[in-house]
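Here is the structure we will look at.
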Amino acid sequence: MTPPALIETTRVLSLIPPMTQLNTPYPATAYLTGFLRSRQVRAAQEDLALALMLELLSPAGLQQVVEVAARLPAPGPRVAAFLAQRPRYLGTIAAVIAFLQGRDATLAHRIAGRSFLPEGERFRSLEAFEGEDPVAWAFGALGVADRARHLATLYLNDIADVLRDAIDPRFEFVRYGERLAASQPSFDALAAALAAPPNLIDSTLQRLALQALERHQPTVVLLSVPFPGAVYGAFRIAQAIKAARPEVVTVLGGGFVNTELRELAEPRVFDFFDHVTLDGGERVLLALLEHLQGRRSQQRLVRTFVRDAASGVVRYINFAEPEVPFADTGTPTWDGLPLDRYLSLLDMLNPMHRLWSDGRWNKLTVAHGCYWKKCSFCDVSLDYISRYDAASAELLVDRVQAIVAETGQTGFHLVDEAAPPKSLKAFSAELLRREVAISWWGNIRFEKTFDAALCRQLADSGCIAISGGLEVASDRLLALMKKGVSVDQVARVTRHFADAGVLVHAYLMYGFPTQTVQDTVDALELVRQLFANGCIHSGFWHRFVCTVHSPVGLEPERYGVELVPLPPGNFARNDVGFIDPTGVDHDALGAGLKKAVYNYMHGIGLEEDVRMWWDEPMPKTRIARRRIERALQAA
Ligand code: B12
């Protein structure tokens with residue numbers, strides 16, 4: 001038995017590294033902190049991504065940026081323009097940040113007037129709009145606040161350009177050094193970047209990390225990397241911790257690790273982290289904390305990579321133990337995160353992307369994993385898809401009520417890959433029964449179950465938007481990808497949602513194995529008809545990427561393609577190239593698809609022949625002009 005005193009000395013600090021999002025915290029630390037506290041572990045959290053940005057975008061931080069920029073021997077045009085206007089930038093930055101944090105709403109009028117903010121290159125995007133009042137085109141006559149937020153976002157984007165040109169070309173507001181980590185078989189590039197002297201962004205981040213350490217005095221620090229664009233920042237934080245306080249145990253986990261580091265064998269990673277863990281963090285952490293408290297041997301760690309002290313070899317330890325059921329993972333807590341300091345940027349005019357980057361959303365998972373888990377493009381073999389575990393509607397609404405009571409905010413983003421219709425039905429009924437007023441949105445599959453009555457019930461319970469995959473918009477390819485929906489079904493379901501007043505966004509995909517040019521033209525024609533018939537309001541085309549854990553990556557021959565062997569390496573594995581005998585140049589087609597959907601979202605070109613969106617001659621569509629209309633009538 002370990003003496004209680006030793007257990008009590010365990011203090012866990014979970015950190016969000018830069019960059020993920022600025023409008024709302026990425027939820028992993030909230031989930032883990034909530035869980036650990038439910039198990040009486042002393043746990044705290046901080047968002048260093050937000051802290052870093054608020055520091056650099058403060059008058060003092062920006063002054064430091066000015067100083068670095070002013071020392072450049074040959075500043076590029078964007079940096080020169082910034083330096084020329086430096087008093088205006090320094091004089092406006094605090095006000096703009098307060099405005100974007102929602103703390104100074106009346107500034108909207110001055111910003112919208114366009115004489116308050118210095119305007120750099122990013123404001124040129126406004127020239128693309130015709131008419132005397134360019135932003136009104138996008139926001140309508142009423143949107144002074146939105147207009148100002150868009151202008152303030154362009155202003156921040158100009159500053160981000162300066163950070164890139166003067167300090168670090170790898171910097172972006174939602175990802176940092178992404179290419180150093182994404183699908184990188186070798187750790188060399190990341191190692192070299194980490195060995196370089198810290199630039200202003202790095203040193204600011206490292207100072208903030210050490211201040212957080214000072215405040216919380218943790219014995220264990222958890223770093224969560226959901227995406228490749230958070231990896232470099234996480235390693236920089238760990239580097240600072242290991243240099244200043246080597247006895248603090250550092251642990252790396254999160255979506256990127258769960259996806260790309262499953263075969264990790266790179267010993268240098270362990271110069272920064274003592275442990276790297278896979279999949280759901282709950283059971284893993286209980287085992288690890290017990291181990292650190294001397295109550296469990298190393299051989300009984302769960303899904304944890306360690307570096308063997310004697311041989312220096314990386315070992316994966318996975319002592320089989322039952323997972324913590326989803327119902328017992330506790331309620332996420334945002335305690336400790338500065339919820340009134342997040343920035344509501346208004347970058348993109350796509351209405352669904354706007355929900356992603358605008359507004360402070362609480363996050364809730366309806367069920368762990370995906371109930372369908374068949375789509376051949378998805379990482380269905382991984383735990384966060386394959387391990388399906390639902391909770392009762394009562395428990396979910398208990399969590400909702402606890403989160404609203406804690407945060408004072410009623411907006412929820414359901415972060416499921418695809419929230420199960422049965423659970424959503426019960427969840428919405430329970431919200432209505434308890435008269436809990438919230439707004440919520442999330443991702444679903446366009447299942448038949450979503451009939452008119454259910455869509456109305458979901459809307460009544462607070463559903464404001466849903467997204468779902470229409471993917472390649474071709475019945476042949478939907479069947480090949482085992483999506484389990486048909487185009488006609490998607491039309492009917494999306495229309496039910498739209499009729500209930502819910503914003504509908506379609507994930508669209510191109511470049512799937514065996515997809516021909518004709519398939520692509522036909523897909524756009526169907527998408528055009530879905531917009532024209534009021535089924536969908538928003539959409540975005542993604543280029544299909546083959547990943548090693550998806551059915552296409554695991555059994556390429558079943559999809560008629562051949563994989564390009566991955567280069568050898570002991571770090572990240574994810575995207576894999578493939579040869580499709582159709583030989584179609586999908587990149588060339590992608591630009592036309594994106595242009596078309598962008599215009600459809602604004603009601604433009606909906607009656608035109610879809611071939612107009614490409615510069616090259618394209619085949620005529622084989623889709624009947626009233627195909628979607630008829631599918632809707634048939635219902
Ligand atoms: C919702 C979602 C989004 C939303 C919201 C993102 C956000 N910023 O909040 C949107 C649609 C905006 C989005 C965008 C993107 N996403 Co996304 N997203 C998801 C999804 C479905 C859920 C994320 C979530 O909130 N989960 C809930 C949290 C609590 O789970 P979690 O982070 O995994 O944490 C658990 C464990 O991982 C673990 N854990 C986490 N951290 C740590 C740390 C330690 C130390 C330990 C021990 C454990 C641990 O414990 C937690 C509780 O069990 C995941 C897939 C999935 N099912 O997880 C993909 C996923 C994270 N996204 C992914 C990607 C690639 C992206 C994009 C980069 C896509 C793109 N190309 O644009 C962008 C990045 C946008 C950005 N910069 O913010 C990938 C990342 C994989 C990878 N290769 O790195 C995932 C895994 C899906 C996938 N396979 O494609 N995404």
Side-chain angles (χ1 to χ4, degrees), residues 12-36 45 49 172-176 178 181-184 220-231 234 238 249-262 273-289 302-304 323-324 326 329-330 332 352-353 355-357 361 363-365 367-370 377-387 413-419 441-443 467 505 507 540 542-543 545 547-550 572-575:
V12 179
L13 174 62
S14 300
L15 295 175
I16 304 175
M19 299 302 302
T20 55
Q21 277 182 281
L22 291 176
N23 59 310
T24 196
Y26 182 81
T29 64
Y31 279 48
L32 292 174
T33 306
F35 170 70
L36 290 172
Q45 58 187 328
E172 285 179 60
F173 281 140
V174 292
R175 51 178 70 85
Y176 187 16
E178 185 178 50
S183 302
Q184 279 288 351
V220 181
V221 172
L222 309 181
L223 277 143
S224 180
V225 285
F227 318 114
V231 173
V249 176
T250 50
V251 191
L252 182 71
F256 166 79
V257 183
N258 304 344
T259 310
E260 303 212 15
L261 298 189
R262 303 199 75 87
F273 293 98
D274 299 292
H275 302 88
V276 179
T277 73
L278 294 184
D279 304 331
E282 291 80 6
R283 172 61 65 203
V284 162
L285 280 174
L286 291 181
L288 181 62
L289 295 181
V302 178
R303 292 193 300 274
T304 302
E323 220 45 71
V324 174
F326 178 59
T329 53
M352 192 72 198
H353 292 175
L355 284 181
W356 295 343
S357 62
W361 301 99
K363 308 267 177 161
L364 185 78
T365 305
H368 185 280
C370 177
F377 56 84
C378 180
D379 286 346
V380 291
S381 62
L382 300 186
D383 177 80
Y384 57 77
I385 310 285
S386 62
R387 182 167 57 85
H413 173 188
L414 309 185
V415 291
D416 295 67
E417 294 277 350
W441 54 279
N443 205 42
S467 55
H505 173 88
Y507 281 102
F540 194 82
H542 302 261
R543 172 83 199 255
V545 176
T547 65
V548 291
H549 303 289
S550 67
R573 290 177 79 237
N574 199 42
D575 302 355

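Count residues from 1 along the sequence. Remember, it's 1-based here, ligands and their atoms both numbered in the order they're listed.
- Here Asp383 pairs with Arg387 under the salt bridge (Lys or Arg N to Asp or Glu O under 4.0 Å) rule; sequence neighbours left out.
- Residues satisfying the ring pair (Phe, Tyr, Trp, His ring centres under 6.0 Å) criterion with His549, sequence neighbours excluded, are absent altogether.
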I would like to know whether Asn443 and Ser467 meet side-chain hydrogen bond (donor to acceptor under 3.5 Å, both in side chains); could you show each step before the answer?
-> CA-CA 5 Å; Asn443 205 42; Ser467 55; 2.7 Å; yes
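- In this structure Glu172 satisfies the salt bridge (Lys or Arg N to Asp or Glu O under 4.0 Å) test together with Arg175, sequence neighbours excluded.
- By the 4.0 Å N-to-carboxylate-O rule, Arg262 lies close enough to Asp279 to be salt-bridged with it.
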Could you list each N/O atom of ligand 1 together with any protein N/O atom closer than 3.5 Å, one pair per line with the distance?
{"unit_1": "ligand 1", "atom_1": "8 (N)", "unit_2": "Gln21", "atom_2": "OE1", "d": "2.4"}
{"unit_1": "ligand 1", "atom_1": "9 (O)", "unit_2": "Gln21", "atom_2": "OE1", "d": "2.9"}
{"unit_1": "ligand 1", "atom_1": "9 (O)", "unit_2": "Lys363", "atom_2": "NZ", "d": "2.8"}
{"unit_1": "ligand 1", "atom_1": "32 (O)", "unit_2": "Tyr26", "atom_2": "OH", "d": "2.6"}
{"unit_1": "ligand 1", "atom_1": "37 (O)", "unit_2": "Asn258", "atom_2": "ND2", "d": "2.9"}
{"unit_1": "ligand 1", "atom_1": "41 (N)", "unit_2": "Ser224", "atom_2": "OG", "d": "2.6"}
{"unit_1": "ligand 1", "atom_1": "41 (N)", "unit_2": "Gly254", "atom_2": "N", "d": "3.4"}
{"unit_1": "ligand 1", "atom_1": "50 (O)", "unit_2": "Gly281", "atom_2": "N", "d": "3.0"}
{"unit_1": "ligand 1", "atom_1": "53 (O)", "unit_2": "Gly281", "atom_2": "N", "d": "3.2"}
{"unit_1": "ligand 1", "atom_1": "53 (O)", "unit_2": "Glu282", "atom_2": "OE1", "d": "3.0"}
{"unit_1": "ligand 1", "atom_1": "53 (O)", "unit_2": "Glu282", "atom_2": "OE2", "d": "3.1"}
{"unit_1": "ligand 1", "atom_1": "57 (N)", "unit_2": "Glu417", "atom_2": "OE2", "d": "3.1"}
{"unit_1": "ligand 1", "atom_1": "77 (N)", "unit_2": "Thr20", "atom_2": "O", "d": "3.1"}
{"unit_1": "ligand 1", "atom_1": "77 (N)", "unit_2": "Val174", "atom_2": "O", "d": "3.0"}
{"unit_1": "ligand 1", "atom_1": "78 (O)", "unit_2": "Thr20", "atom_2": "O", "d": "3.3"}
{"unit_1": "ligand 1", "atom_1": "83 (N)", "unit_2": "Glu260", "atom_2": "OE2", "d": "2.7"}
{"unit_1": "ligand 1", "atom_1": "89 (N)", "unit_2": "Tyr384", "atom_2": "OH", "d": "2.7"}

For Trp441 and Trp361, run ring pair (Phe, Tyr, Trp, His ring centres under 6.0 Å): C-alpha distance rounded to whole Å, both residues' side-chain angles, the deciding distance at 0.1 Å, then the answer.
-> CA-CA 10 Å; Trp441 54 279; Trp361 301 99; 5.4 Å; yes
